[in-house]
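To keep things clear, I will list the structure first and then write my remarks on it.
Source: prediction; values computed, not measured. Every heavy atom of this structure was used, including side-chain atoms; hydrogens, water molecules and symmetry mates were not.
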Amino acid sequence: MKLSFEFARSVILQADIVQVISTYIDVIKKGNNYVAVCPFHNDTRPSLSISPQKGIYKCFSCGKGGNVIHFVQEYEKISYQEAIVKVCNICHIPLPKDFTIVKRVNPNQKLIDILTKTRDYYILNLKQPSGKVALDYLHDRGLDDSIIDHFKIGYAPQDNKKLIQVLSVRQGFTHDEITKAGVLSNQEFGDKFRNRIMFPISNRFGEVVGFSGRKLSNANENDPKYINSADSKDLFDKSKLLYHFYEASKVAVKEQVMYIVEGFMDCIALYRAGIENCVALMGVNLSEQHMAMLKSLRVKLNLLLDSDNAGQGAMLNLINKLDKAKINCSVVKPYTECKDSDEYIKKFGGDKLRERVNQLVNPIIFKFDYMVNTGRSNSDQIEKLISDSTNIYAMSSSLDKEQILDRISSYAGVSKKTIDNLFNNYNKKSAEIVESKVNEFTDFIFVSSTENFLKKDVLVTIPNSNANSRIQMRKLKSGCNLLKTALISKETVDRIRQDNVNFGCLFYKIINSYIMECSDIGSSNDKLSSICLEKLEEVHNMIKSKKESDETLTVQEQFILENFEHLKQFFVEFIDYESDTEFDINQYNRLVNDIRK
């Protein structure tokens with residue numbers, strides 16, 4: 001039996017969050033709360049705030065937050081059910097007598113077990129006399145034993161029958177199971193990777209799902225350089241795999257950046273140079289699944305593909321895909337000294353490579369230089385580059401924007417102001433297009449929802465005595481527009497319309513709580529932001545706990561869960577919008593009365 005949602009809620013209420021978190025990291029009392037150096041990113045000062053009264057933690061730098069169970073789950077990278085047990089053990093809270101932990105079950109576990117045993121067999125063979133040629137090759141490429149061990153590199157021996165004996169006779173797997181795992185040759189019942197250096201490929205959970213085998217210098221020259229496991233939707237699906245992702249993602253979250261390179265040896269080269277937060281593409285395309293994996297980390301991406309024509313063209317495609325997905329990225333200045341990172345580290349060493357990969361350029365500058373270098377830089381093409389790059393420009397720093405304007409202006413012979421106006425005008429047009437698509441749904445979301453929301457009496461008028469609270473009335477109006485353009489899509493609203501979900505109720509409730517509480521704390525945007533986000537976090541954590549306990553979610557709860565990051569971003573923008581505009585109490589009260597009518 002799994003632990004119920006009700007039991008999880010009781011644990012959250014009973015547990016001492018300070019006691020639990022202090023078993024993992026050092027905490028310092030500060031007023032009524034506690035602070036700590038955040039363990040979820042590369043924190044240098046106490047950014048993590050712990051509220052024993054509310055039973056929540058929140059990092060105001062990386063955004064991680066939640067209740068006591070979420071902290072243990074995130075820190076130990078375990079399931080929600082396992083985290084509940086850990087909290088109960090720390091706080092001496094008794095578990096139900098009929099409780100048993102249900103661990104994640106992979107339907108392909110048998111195949112993964114075969115592939116894991118195969119990987120171990122290859123590792124063992126690399127260190128045998130038969131693997132000396134392969135080991136010498138790796139050492140000659142600059143890989144010492146610690147690097148080889150980290151990447152679990154192995155060797156498939158020339159005798160391709162030995163693997164079958166190990167898996168079937170010693171490990172007890174059937175021939176059908178071994179065949180299904182994809183390690184056998186189609187031509188003969190033997191190891192398809194014979195006499196190759198073996199790179200195991202893991203999924204996002206660290207489970208071995210396949211291999212890539214590189215031929216040795218003594219192999220037949222007609223043999224392909226690399227052989228991969230056969231594609232499989234259930235197991236080895238390259239659209240869902242990034243080399244070294246499982247290991248690199250933990251470091252990337254701390255460093256708040258992930259490097260993306262083209263090949264295995266490039267990824268290994270960066271690791272040798274001390275850059276552990278690096279993944280390699282299984283090909284040069286970035287799939288929707290890849291972007292979802294990378295986006296889930298909430299880190300910046302630094303792109304570093306090969307400097308040849310194919311690599312630079314692939315880089316351009318990568319930038320455009322990430323731009324559409326609104327994922328922040330930079331480009332490592334393309335190599336002129338060599339083709340890739342593997343060649344660079346051979347030529348200049350690890351220290352120089354580490355310095356070199358931190359020479360970053362803005363994606364727009366890379367796109368512009370690529371256009372110029374490939375002879376596609378007339379006025380129409382430059383204007384198209386501007387119209388296609390408004391997201392990147394909006395996310396760019398002031399210094400980057402100045403460099404972009406300098407580069408395009410000096411080449412095109414047009415003033416920087418004109419170029420800046422083009423970027424801003426296209427950005428405005430893009431926003432208007434998005435808004436026009438959702439205008440027809442606005443009345444349903446923000447008008448018909450009020451009937452249900454008023455029954456809960458969550459809107460109240462603010463007494464004139466709070467007139468000095470300096471909360472911006474115009475934020476409330478601009479907030480609706482921000483929410484429309486940033487959150488509501490036709491598909492989402494169709495779902496809301498179909499299921500009669502009053503999302504506006506949640507929106508007004510949080511805004512109203514925000515306005516009421518801010519009158520007691522002054523006009524500090526940091527404090528206002530924390531109040532608003534805390535209230536949203538409370539709703540989100542409750543829903544997340546419910547889902548993780550396998551409780552059935554309502555359509556509205558599922559909607560909030562899926563769009564949580566958009567909501568958070570909306571409230572950040574809501575707080576920062578036109579901060580110099582004073583709050584008009586009378587205007588707000590009139591708005592409340594109009595809604596009630």
Any donor-acceptor pair under 3.5 Å linking the side chain of His290 with the backbone of Lys238?
-> yes
Taking all atoms of both residues into account, what is the closest heavy-atom pair of Cys38 and Cys62, and its distance?
-> SG-SG, 3.8 Å
Mind checking the CZ-CG spacing from Phe173 to Asp113? Nearest 0.5 Å is all I need.
-> 5.5 Å
Going by atom types only, do Lys367 and Asn320 share a side-chain donor-acceptor pair under 3.5 Å?
-> yes
If you measure from the Lys or Arg side-chain nitrogens to the Asp or Glu carboxylate oxygens, is any gap between Glu337 and Lys347 under 4.0 Å?
-> no
How many angstroms lie between atom SG of Cys267 and atom OH of Tyr259, to the nearest 0.5 angstrom?
-> 13.0 Å
I would like to know whether Leu184 and His175 meet side chain to side chain contact (heavy atoms under 4.5 Å, CB included); could you show each step before the answer?
-> CA-CA 10 Å; Leu184 302 183; His175 284 190; over 6 Å; no
To the nearest 0.5 angstrom, please state how far the NZ atom of Lys86 sits from the SG atom of Cys91.
-> 13.5 Å
Could you list the residues that satisfy side-chain hydrogen bond (donor to acceptor under 3.5 Å, both in side chains) with Ser212, not counting sequence neighbours?
-> Asn228
Distance (rounded to the nearest 0.5 Å) between Ile84 CD1 and Leu95 CG | 9.0 Å
Do Asp191 and Tyr121 have side-chain atoms, one donor and one acceptor, less than 3.5 Å apart?
-> no
Which atom names give the shortest non-hydrogen contact between Tyr246 and Asn203, and what distance separates them?
-> CB-O, 3.8 Å
Quick one: ring-ring contact (aromatic ring centres under 6.0 Å, His included) pairs with a partner in residues 299-332, sequence neighbours left out?
-> none
Please say which of Ile56, Ile25, Ile17 ends up in a side-chain contact (heavy atoms from CB on, under 4.5 Å) with Phe71.
-> Ile25
What do the steps show when you test Leu281 against Leu242 for side chain to side chain contact (heavy atoms under 4.5 Å, CB included), and what is the final call?
-> CA-CA 5 Å; Leu281 298 170; Leu242 292 168; 3.7 Å; yes
Pairwise side-chain hydrogen bond (donor to acceptor under 3.5 Å, both in side chains) hits with a residue in residues 266-276, at least two apart | His150-Tyr271
Could you tell me which non-hydrogen atom of Val261 sits nearest to which non-hydrogen atom of Cys278, and how far apart they are?
-> CG2-SG, 3.7 Å
Under the side-chain hydrogen bond (donor to acceptor under 3.5 Å, both in side chains) rule, collect the residues that match up with Asp144, sequence neighbours excluded.
-> Ser146
Check the pair Asn195, Tyr155 against side chain to side chain donor-acceptor pair (under 3.5 Å), reporting the backbone distance first and the verdict last.
-> CA-CA 7 Å; Asn195 195 31; Tyr155 170 66; 2.9 Å; yes
Counting only N and O atoms by type, is there a donor-acceptor contact under 3.5 Å from the side chain of Lys58 to the main-chain atoms of Gly63?
-> yes
Would you call Asp351 and Arg354 a salt bridge, using N to O less than 4.0 angstrom?
-> yes
Exam field: side chain Ser330 to backbone Asn302, donor-acceptor pair closer than 3.5 Å = no
About how many Å separate CD1 of Ile327 and CE of Met258, when rounded to the nearest 0.5 Å?
-> 12.0 Å
Measure up the Tyr226 and Phe199 rings against each other and bin them: parallel (under 30°), tilted (30 to 60°), perpendicular (over 60°).
-> tilted
Sequence neighbours excluded, every pair satisfying salt bridge (Lys or Arg N to Asp or Glu O under 4.0 Å) that has a member inside residues 158-178 | none
Sequence neighbours excluded, every pair satisfying salt bridge (Lys or Arg N to Asp or Glu O under 4.0 Å) that has a member inside residues 114-135 = Lys127-Asp149, Lys132-Asp136
